[in-house]
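What follows is a short report on a single structure.
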2 protein chains.
Amino acid sequence: MGMSKGAETKEAIIREALKTASVEGIDGLTIGNLATKLKMSKSGLFAHFGSKEALQEAVMDTAARRFLDAVWVPAKAEPRGLPRLRALYRNWQEWMLHNPDLPGGCVLTSAATALDDKPGPVRDRLVSMQKEWQATIAKAIELAVREGHFRADLDCEQFAFELNGILLNLTFHQRLLRDRQAAERCSTAFEALVSRAASRTAQAA
Amino acid sequence: MGMSKGAETKEAIIREALKTASVEGIDGLTIGNLATKLKMSKSGLFAHFGSKEALQEAVMDTAARRFLDAVWVPAKAEPRGLPRLRALYRNWQEWMLHNPDLPGGCVLTSAATALDDKPGPVRDRLVSMQKEWQATIAKAIELAVREGHFRADLDCEQFAFELNGILLNLTFHQRLLRDRQAAERCSTAFEALVSRAASRTAQAA
DNA sequence: TGACAATTAGTACGACCGTTCGTATTTTAT
DNA sequence: ATAAAATACGAACGGTCGTACTAATTGTCA
């Protein structure tokens, strides 16, 4: 005996909602549209969540879980320090570019600009996710310092900060401008960031 | 004799629409809401544009014009090369952070993620604006090479690419995470970018 | 000032929104 | 198999959306 019937359809709803939110944005989700795609009634779908906001929260949670499973979990399996960091970057880039389940790109990324001025539980959830992610990256970088891959006085949060910018920029150039060189340029930027962190010469970083 | 009455109200509409789009996003614009704020009828406002899409196009055009006036025009007055580039960065950062007319941040930035999967004239306009802007930056960097401020083999488009990422990241950390150190971190990243471009040691950039 | 054009208002439309409610159906557990 | 509980449906609600019309008002210029 696996899931109850209700849990199964709820999962199917969220799966479809994620795909839609990827293209239309988290605010572009509508109950009716979703119900049509899943061939069920509006009210039947609605009953699983009780409100549109709750649906959005569920979508965000699932998006975060999938992101961590695809990007962080496999990276954590790599040896700590630079190898793990490189894996993290590689997986993250891959997540941004090629994700069959998210044809419109990363939901959390588009939500970041869509929700930045819209207070509420959905925004709150997103903010705490992003802060946690930034902290996770920073810790991975600290390990690289401890391993001796990076210089001891490196500002790890600054590194994490800039790394985030590279991936934001990747989405921008890839998805909006359809720049074929975007991934390559981002890899270049990442390598520059790494070599800046490795160099012993005093340099603000 | 200045503008006709119609042109004046049209300008007022766009001004208000820009403010709204800054907070709600370019897709969050609605004729009714806008009409209420300006104390006019929906139909009266609508008549100025003929369609919602045309209103959005007008908003995007105005947003771009204002951006260039605030960021590029004053930078162009600085001596070419590094000084001009620094002014460009300073003005750009200022535009992203403190803009009384755009309480929700840069409209073109939020539109970039909102429209990346929504084909149409509004998206087309945004794309060409962003490409032009990237080209403008690249040219300013080329001048810095010619002036001898940057090394001769610098990849100017790569520099422009990364610069864009810094400003995207600024918006992200400032507007979503409310990170007080965001501006400082971006300045640090910018200076690192500059020093990387200036150093004669061969380094992929 | 009078006539004409430009601008605004008013009303209505069909479509879709999130949500509620009563009812039917199906799953689950005894 | 049967009773209870979970799940899904259909219809309807009040709203808002963009847009199309006509009518009234206002600005413009000979």
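Since the model is a prediction, treat every value here as computed from it, not as a measurement. In the text below, chain A, chain B and the rest are named by the order of the sequence lines, each starting its count at 1.
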Report task. Evaluate the ring planes of His173(B) and Phe161(A), with Trp represented by its six-membered ring, and classify them as parallel (under 30°), tilted (30 to 60°) or perpendicular (over 60°). Result ->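 Judged by the thresholds at 30° and 60°, the geometry between His173(B) and Phe161(A) is tilted.
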Requested in this report: List the atom of Leu45(B), the atom of Ile13(B), and the distance in Å for their closest heavy-atom pair.
Outcome: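 Of all heavy-atom pairs spanning Leu45(B) and Ile13(B), the closest is CG-CD1, 3.7 Å.
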Query raised in the report: Do you know the tightest heavy-atom contact between Thr9(B) and His48(B)?
Result: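 Nearest heavy atoms, Thr9(B) then His48(B): OG1-CE1, 3.1 Å.
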Query raised in the report: Given the side-chain rings of Phe67(A) and Trp133(A), with only the six-membered ring counted for Trp, is the space between their centroids under 6.0 Å?
Result: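 Yes, the ring of Phe67(A) comes within the 6.0 Å limit of the ring of Trp133(A), centre to centre.
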Report task. Measure from CZ on Phe49(B) to P on dA6(C) and round the result to the nearest Å. Result ->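 For the pair Phe49(B) CZ and dA6(C) P, the rounded distance is 18 Å.
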Report task. Rounded to the nearest angstrom, tell me the gap between atom CD in Glu11(B) and atom P in dT7(C). Result ->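 To the nearest whole Å, that distance equals 14 Å.
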Query raised in the report: When you check the phosphate oxygens OP1 and OP2 of dA6(C), does a side-chain N or O of His48(B) lie under 4.0 Å from one of them?
Result: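 Answer no for this pair, as no side-chain N or O of His48(B) is under 4.0 Å from OP1 or OP2.
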Query - Side-chain N or O of Ser4(A) closer than 4.0 Å to phosphate OP1/OP2 of dA6(D) - result: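 No.
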Query - Full working for salt bridge (Lys or Arg N to Asp or Glu O under 4.0 Å) between Lys118(A) and Asp27(A) - result: CA-CA 11 Å; Lys118(A) 300 188 177 168; Asp27(A) 278 335; 3.1 Å; yes
Query raised in the report: When we call it a touch if two heavy atoms are under 4.0 Å apart, what does Ala47(A) touch: a base, just sugar-phosphate, or nothing?
Result: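 Contact class for Ala47(A): none.
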Query raised in the report: For Gln134(B) and Gln130(B), what are the C-alpha separation, side-chain angles and deciding distance, and is it a side chain to side chain donor-acceptor pair (under 3.5 Å)?
Result: CA-CA 6 Å; Gln134(B) 284 290 115; Gln130(B) 295 281 9; over 6 Å; no
Output one line per pair: protein atom, nucleotide atom from nucleotides 15-20 of chain C, and distance, for all N/O pairs under 3.5 Å.
residue, atom, partner, partner atom, Å
dC17(C), OP1, Thr30(A), OG1, 2.8
dG18(C), OP1, Lys52(A), NZ, 3.1
dG18(C), OP2, Ile31(A), N, 3.0
dG18(C), N7, Lys42(A), NZ, 3.1
dG18(C), O6, Lys42(A), NZ, 3.2
dT19(C), OP2, Lys52(A), N, 2.7

